[in-house]
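Right, one structure below, let's go through it.
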Protein chains: 2
Amino acid sequence: MRPTAQPSSGGAQLLDRTVALLDLVADGGVDGLSLKQLAALSGLNTATCHRILNTLVGHKLLARDDKKRRYRLGARMAIYGVRAARGPGIISRCEVALTRLRRRTGDTTHLMARFNHDSVCLDRRDGECIVPTLTGSIGGFVPLGVGPGSIAMLAFLDEDEQDYIIRANLGRYASYRNLTEEKVRQLIADTRRRGYAVDMGGLIPGIAGVGMPIITPGEKPGAALSFTLLCAKAGPGVIERYGALLEEEINAIVGQ
Amino acid sequence: MRPTAQPSSGGAQLLDRTVALLDLVADGGVDGLSLKQLAALSGLNTATCHRILNTLVGHKLLARDDKKRRYRLGARMAIYGVRAARGPGIISRCEVALTRLRRRTGDTTHLMARFNHDSVCLDRRDGECIVPTLTGSIGGFVPLGVGPGSIAMLAFLDEDEQDYIIRANLGRYASYRNLTEEKVRQLIADTRRRGYAVDMGGLIPGIAGVGMPIITPGEKPGAALSFTLLCAKAGPGVIERYGALLEEEINAIVGQ
DNA sequence: GCATAAAATCTCATATTATGAAAAAACTAC
DNA sequence: GTAGTTTTTTCATAATATGAGATTTTATGC
């Protein structure tokens with residue numbers, strides 16, 4: 001079980017519960033989740049769950065497969081999503097940077113965002129040669145701690161939060177080429193020292209990555225930009241250059 | 001003022017109000033809306049509004065520009081959006097169709113969805129030659145009744161709902177080359193007869209469009225596929241061919 | 001720079017609303 | 001057909017949201 005949205009200080013219990021359920025459904029994958037699963041995952045009473053979920057279905061924030069009676073994100077969510085992407089949010093703010101990084105290097109670039117214990121791909125530009133990536137397409141995700149963009153965000157959280165997230169994700173690391181807690185902690189240390197995260201074929205053989213968090217002063221890192229390239233291309237100085245490019249773009253984004 | 005989400009039958013007032021506010025913010029454009037505006041638009045008490053909005057900001061479903069104190073859609077919404085796009089929702093279901101229509105014609109294709117009184121662009125494939133479109137990029141929108149995809153959806157709603165939407169949008173039509181209620185009603189009639197909507201340079205000079213709604217049996221049309229092409233390319237039989245292509249793809253989508 | 005207006009935020013007694021245990025209904029599997 | 005599981009509905013009760021008004025903060029005019 002992965003606990004999700006933290007309660008908002010005062011009062012609004014129903015909304016907190018609603019967001020927690022939305023999070024669970026969003027995390028639930030393409031097959032959706034049943035009422036029973038959602039009740040178990042959220043710890044809510046089945047009736048309460050049922051009531052909230054059905055209201056959300058009524059508003060099309062969620063959809064229910066009538067056949068299998070499973071809940072998944074609904075059409076209105078997709079619309080909110082494209083709207084959110086248009087506004088002055090993180091996606092718009094990084095659009096130019098992403099394209100420019102792609103153009104200046106020829107490599108695949110990603111915009112990742114922190115979402116609970118995961119790192120979600122919000123946007124990407126494909127490089128000249130098709131490289132396999134951990135997240136696949138937009139919307140894909142990996143546990144926080146896996147991959148350069150993901151490590152980059154994790155590395156600049158408070159230690160308490162890092163510990164909490166690493167512990168929550170422990171069971172999931174092994175499926176990434178036997179990643180371990182120790183390796184993740186080592187990567188965090190390296191990343192903090194260097195300012196950006198580097199992976200040299202550690203996750204996908206022959207594929208390297210460089211990632212740097214986008215940190216608005218006074219806030220926790222919520223997003224990161226990253227490169228994915230062939231290890232073969234990562235000769236001497238290349239990683240450093242890519243780190244410098246990321247820094248340049250991120251400074252511009254944060255500065256505006 | 002545009003009324004938005006209808007209340008869900010029983011009970012959940014807070015959630016209804018919350019969704020109404022989310023809708024208003026989603027419609028609010030890139031500059032966002034102030035508390036006062038949202039209170040006025042929603043008809044809610046200022047304090048109630050404030051409480052709900054701030055809870056949503058706490059959950060990052062909304063964001064607030066601290067400078068101008070305006071509310072807009074937040075980062076979590078963007079994440080829900082990309083997740084919703086991945087699942088077995090309308091975007092995924094139309095992905096192949098959109099690409100194939102683009103490939104078979106060389107023209108720009110759109111997936112539009114109904115959202116309150118608007119038609120929102122959920123996805124698109126750019127054609128060989130860049131044509132100006134009403135909605136611009138993904139997330140862009142037009143009033144229901146403007147544009148072929150938009151007319152296509154409107155045409156197959158109940159008459160009551162059509163009237164309601166047309167009346168709500170009256171003030172917005174004039175900015176589209178002096179579109180009028182009469183013209184919209186005429187287009188609806190044509191579309192119902194033909195099965196798909198056609199526009200021949202009526203909205204953007206020299207630009208034609210063909211649109212057809214995606215109708216799941218027993219449901220109201222919620223989405224549409226459409227083409228945008230140069231009028232010059234729309235010689236005899238072309239529009240009919242495009243209509244047939246749309247029908248073919250939509251049958252496949254609905255059938256699955 | 002100060003005064004005035006306007007908007008946003010906070011407080012709290014009250015009534016409305018959400019809650020969840022339990023019962024009923026609808027599926028599933030055998 | 002029956003037993004077991006999951007979903008849906010019910011309803012008395014407790015808990016929560018509500019909104020008028022007070023207070024603070026921000027914007028505007030002079």
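Please read all numbers here as calculations on a predicted model, not as lab measurements. A note on names: the letters A, B, ... follow the listed sequences, proteins ahead of strands, and every chain is numbered from 1.
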For every nucleotide of nucleotides 18-28 of chain D, 5' to 3': is a protein heavy atom under 4.0 Å from its base (B), only from its sugar-phosphate (S), or from neither (-)? BBB-----SS-
Just the rounded figure in Å: distance from [atom2] of [N] to [atom1] of [X].
| X | N | atom1 | atom2 | result |
| --- | --- | --- | --- | --- |
| A:D16 | C:dT19 | CG | P | 11 Å |
| B:Q37 | C:dA7 | CD | P | 10 Å |
| A:L38 | D:dT7 | CG | C1' | 13 Å |
| B:K36 | C:dA7 | NZ | P | 3 Å |
| B:L33 | C:dA8 | CG | C1' | 16 Å |
| B:Y71 | C:dA7 | OH | P | 14 Å |
| A:N54 | C:dA26 | CG | C1' | 14 Å |
| B:L35 | C:dA7 | CG | C1' | 8 Å |

Salt bridge (charged side-chain N to carboxylate O under 4.0 Å, His left out) contacts in which one or both residues fall within residues 159-169 of chain A, not counting sequence neighbours: A:R114-A:E161, A:E161-A:K220, A:D163-A:R185
Do the side-chain N or O atoms of B:H50 get closer than 4.0 angstrom to the phosphate oxygens (OP1, OP2) of C:dA8? no
Taking salt bridge (Lys or Arg N to Asp or Glu O under 4.0 Å) as the test, write out the residues that go with B:R100, two or more places apart.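 By the salt bridge (Lys or Arg N to Asp or Glu O under 4.0 Å) rule, B:R100 matches B:E249.
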Just jot down the side chain to side chain contact (heavy atoms under 4.5 Å, CB included) partners of [X], sequence neighbours excluded, or say none.
| X | answer |
| --- | --- |
| A:V57 | A:L62, A:R64, A:Y71 |
| A:T180 | A:E182, A:K183 |
| A:R51 | A:T48 |

Cut-off 3.5 Å, no hydrogens considered: what does the side-chain donor-acceptor table look like for residues 87-95 of chain A, sequence neighbours left out?
from  : atom 1 : to    : atom 2 : distance (Å)
A:S92 : OG     : A:A85 : O      : 2.9
A:S92 : OG     : A:R86 : O      : 3.1
A:S92 : OG     : A:G87 : O      : 2.6

Indicate, with a heavy-atom threshold strictly under 4.0 Å, whether B:R70 touches base, sugar-phosphate, or nothing. nothing
What contact category does B:T46 fall into here, base, sugar-phosphate, or nothing, at under 4.0 angstrom with non-hydrogen atoms?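 Base, at least one base atom sits under 4.0 Å.
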Side chains of B:R124 and B:T133 only: does a donor on one sit below 3.5 Å from an acceptor on the other? yes
At how many degrees, to 10°, do the end axes of the helix from C:dG1-D:dC30 to C:dC30-D:dG1 meet when each uses five pairs?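 Comparing the first five pairs with the last five, the axes sit 70° apart.
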Tell me, please, which residues at least two apart from A:T191 pass side-chain hydrogen bond (donor to acceptor under 3.5 Å, both in side chains).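 Testing A:T191 for side-chain hydrogen bond (donor to acceptor under 3.5 Å, both in side chains), a comparison that skips the adjacent residues, returns none.
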Assess whether a salt bridge exists between A:D31 and A:R70, defined as any Lys/Arg side-chain N lying under 4.0 Å from an Asp/Glu carboxylate O. no
